[in-house]
Amino acid sequence: MIIVENLVKKFKTGDSELIALKGVSFKVAEGQFLAITGKSGSGKSTLLYQMGALDFPTNGSVYIDGKDIVKMGNRERTELRLMELGYVFQDYALLPELTAVENVMAPLMMQGAPKKQARMISEESLRKVGLEHKLYNKPSQLSGGEQQRVSIARAIGHNPKIIFADEPTANLDSETSKIVLDIFLGLHKKGQTIVMVTHESEYAVLAERIIRLSDGEIISDEKNKQ
Amino acid sequence: MTIIKKVNKPPLIIPLRLGFFLAKRQIIRGNIWTTILIIMVMSLTFINLIFIGGILTGIIESSSVSNRQLYSGDVIISALSKKPYIENSPAVISMVKALPWTEAVSYRFVSSGVIEANYKNKTDLSELSEEAGGLVAGIDPEVEDAVTGLAGKIIEGKYLDSDDTEFILVGADKFFKYTPIDTPSMQNLKNTGVGDKVRVSVAGRTKEFTIKGIVRSKVGEVDNRIFMISSSLRDMAGRSDNSVNEIILKLKDGADPAVAQSALLAAGAGKWGKVQTWEESQPKFLKDIKGTFTILGDIVGSIGLVVASITIFIVIFINAITRRKFIGIMKGIGINSFAIEFSYVLQSLFYAGIGTAVGLSILFFALVPYFVSHPVNFPFSDGVLAVTWKGALIRAAFLMTASLIAGYIPAKLVIRQNTLDAILGR
Ligand SMILES: Nc1ncnc2c1ncn2[C@@H]1O[C@H](COP(=O)(O)OP(=O)(O)O)[C@@H](O)[C@H]1O
Ligand SMILES: [Mg+2]
């Protein structure tokens with residue numbers, strides 16, 4: 001369960017101040033697939049980074065399983081990201097000199113898994129996203145969609161509580177985007193909590209719940225009635 | 001699926017293992033030309049740490065070696081100060097010959113003299129003839145050659161035979177051709193060479209000789225001298241006794257000159273002459289230059305070490321900066337800073353280690369042999385590259401330590417930057 005409470009994020013640029021989040025509050029139940037949507041610049045990514053312990057808000061709190069992550073120190077947040085959270089970025093964010101399987105292995109090894117075990121889990125993860133035939137390809141030898149699937153495999157390898165995805169389909173064509181979303185839907189079906197940011201409403205509507213942002217404020221919050 | 005959850009503080013082995021995992025792949029899968037370039041820079045930096053110091057030491061060392069070989073032998077006995085020669089010379093010589101370590105002994109009569117040339121071509125008396133002063137040494141050519149190898153240092157003409165009463169050898173410093181210095185205090189012969197007749201004056205007596213050969217060894221004590229067979233010199237100096245001025249002792253391989261020296265002193269040789277090891281008899285200027293060059297070599301080496309550190313710093317810094325985004329991603333997905341730092345330290349150690357190994361090979365298998373066969377031509381020695389494995393390894397250890405620090409700092413600088421900024425490249 002995630003509780004976002006009165007979240008404010010201000011950016012100072014020179015003399016002017018920009019308020020990217022103007023006191024946002026909502027809750028995400030366990031197992032929910034939430035899409036955050038809105039126009040470019042509405043504050044979607046900013047919100048996701050605050051929720052995902054990648055940034056510190058100006059004000060407000062984010063509770064993950066009852067703990068306020070805003071009050072955590074850097075070390076504790078790193079530990080939290082490693083153990084409990086998974087990330088999928090728009091540009092895949094893979095390490096270029098590691099193969100697909102090694103990219104998935106790295107965080108597992110950091111968790112203390114022996115190399116063999118990390119490799120086994122990683123291969124299993126990659127199989128789940130349909131990449132069992134590209135285990136030893138480096139990112140440069142994979143298509144965009146395949147790279148994004150590797151990054152999803154990395155995000156789910158350690159069974160995280162929550163997956164955060166920032167525009168995971170923005171760099172992909174519609175066919176590949178579909179594949180990626182199908183993976184998310186499949187994970188959701190098995191009970192995975194997912195928070196996905198997307199400006200493409202055709203993908204947002206596939207989620208269980210849609211929060212619309214405009215100018216740093218929630219303008220709508222609706223359950224998908226499918 | 002088994003997942004290890006909640007390790008509060010990861011045991012050290014985990015980040016170390018992951019750091020190794022990352023470093024290995026960054027090196028192997030990185031650009032091969034970049035790797036080669038970095039290793040080349042490192043090996044040149046390492047050679048630079050050693051080269052200048054090695055050349056400076058080499059100049060002095062080969063000068064010492066020549067001095068020992070051609071002039072002093074392993075142990076030299078000379079006249080006590082204010083005495084004209086070694087007293088009781090025959091007794092001292094038998095003492096020396098009786099030592100168990102002695103391989104060969106040579107002895108020299110030495111007297112100051114003047115050499116004069118071109119006196120026959122003078123058309124009028126106001127014209128000056130060529131003249132040069134110096135020490136005249138009377139030797140037994142065969143014995144001297146056995147001890148010092150003097151015959152090998154003849155650069156023009158021929159070496160003396162035992163019955164060459166009418167011939168002399170002259171050191172190269174006495175010829176303008178070989179030593180182009182001409183000052184009132186150091187005069188030399190300009191239009192004279194092998195085969196020419198010259199006059200040598202010793203103790204008020206003058207005799208005509210023919211120059212049979214010219215000696216050049218780069219040892220001052222040798223190149224400044226005029227050599228003739230001992231009987232010629234003894235006749236001229238009017239010395240009928242058997243007293244000599246220098247006794248040169250060549251020891252068997254592995255014998256310690258200091259031990260031979262103490263044995264001679266214990267036998268009482270110190271009463272008759274000054275007994276010195278080759279080291280003690282070295283000219284003071286050599287000892288002084290040796291000290292100065294050691295300091296110079298250390299300074300150049302220290303500067304080299306600083307340059308090496310800066311090089312590694314820049315290499316790792318650029319490497320880390322260009323990978324700033326990926327470092328951000330790693331931190332973003334929960335890989336701790338220590339593992340990332342360790343991967344960079346390993347990389348800099350790898351570059352420094354391979355660079356040093358390449359540098360050592362170039363040094364010992366290319367440069368040292370090269371300088372042995374092509375010594376640098378210095379006025380007072382044939383310079384070689386003097387490096388020892390010990391000295392090289394100490395510098396290698398310095399370089400590795402410097403790399404460790406110079407690799408860690410830039411990695412730390414980049415890694416401690418804001419994670420999100422790094423991921424987003426802003
Ligand atoms: N680091 C930053 N410094 C200054 N302004 C920022 C920064 N990050 C985001 N912003 C601003 O905050 C607003 C929200 O940005 P963002 O969350 O990236 O929007 P979205 O992801 O919805 O496109 C935008 O106006 C953006 O320019
Ligand atoms: Mg965005």
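Order of the sequence lines sets the chain letters (A, B, ...), proteins ahead of strands, with each chain counted from 1.
Crowding of B:Lys290 atom NZ: a count of heavy atoms from other residues, nucleotides or ligands under 6.0 Å exceeding 12. Around CZ of B:Phe398, the count of heavy atoms belonging to other residues, nucleotides or ligands within 6.0 Å does not exceed 12. The number of heavy atoms from other shown groups lying within 6.0 Å of CD (A:Glu132) is above 12. Within a 6.0 Å sphere centred on NZ of A:Lys22, heavy atoms belonging to other residues, nucleotides or ligands number more than 12.
Separating the CZ atom in A:Arg77 from the OG1 atom in B:Thr419 is a distance of 9.0 Å, to the nearest 0.5 Å. Taking CG of B:Asn336 as the start and CD of A:Glu79 as the end, the distance is 9.0 Å to the nearest 0.5 Å. Interatomic distance, CG of B:Asn418 versus CZ of A:Phe56, reported as 9.5 Å (0.5 Å rounding). The CE atom of B:Met330 lies 13.5 Å from the CG atom of A:Leu82; values are rounded to the nearest 0.5 Å.
Of all the listed residues (A:Lys115, A:Glu76, A:Met120, A:Glu102), the one sharing the greatest number of non-hydrogen pairs under 4.5 Å with chain B is A:Glu102. Among A:Asp55, A:Leu98, A:Leu94, the residue with the largest count of heavy-atom pairs under 4.5 Å with chain B is A:Leu98.
The nearest pair of heavy atoms linking A:Met110 to B:Ala339 is SD-CB, 4.3 Å. Looking at every heavy atom in both residues, B:Ile335 comes nearest to A:Ala106 through CD1-CB, 4.0 Å. The shortest non-hydrogen separation linking B:Arg323 to A:Pro96 is NH1-CG, 4.3 Å.
Heavy atoms of B:Ile333 lying under 4.5 Å from chain A belong to its backbone as well as its side chain. For B:Leu424, the part lying under 4.5 angstrom from a heavy atom of chain A is the side chain only. With a 4.5 Å cut-off on non-hydrogen atoms, A:Arg154 touches chain B through its side chain but not through its backbone. Only the side chain of A:Asp91 comes within contact range of chain B, with at least one heavy atom under 4.5 Å from a heavy atom of that chain.
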Could you pull out every donor-acceptor pair under 3.5 Å between side chains of residues 359-367 of chain B and any protein atom, sequence neighbours left out?
| residue | atom | partner | partner atom | Å |
| --- | --- | --- | --- | --- |
| B:Ser361 | OG | B:Ala357 | O | 2.7 |

One pair to check against side chain to side chain contact (heavy atoms under 4.5 Å, CB included): A:Thr99 and B:Arg25. What are the steps and the verdict? CA-CA 9 Å; A:Thr99 62; B:Arg25 282 155 183 82; over 6 Å; no

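Residues passing the ring-ring contact (aromatic ring centres under 6.0 Å, His included) test with B:Phe293: none are found, sequence neighbours excluded.
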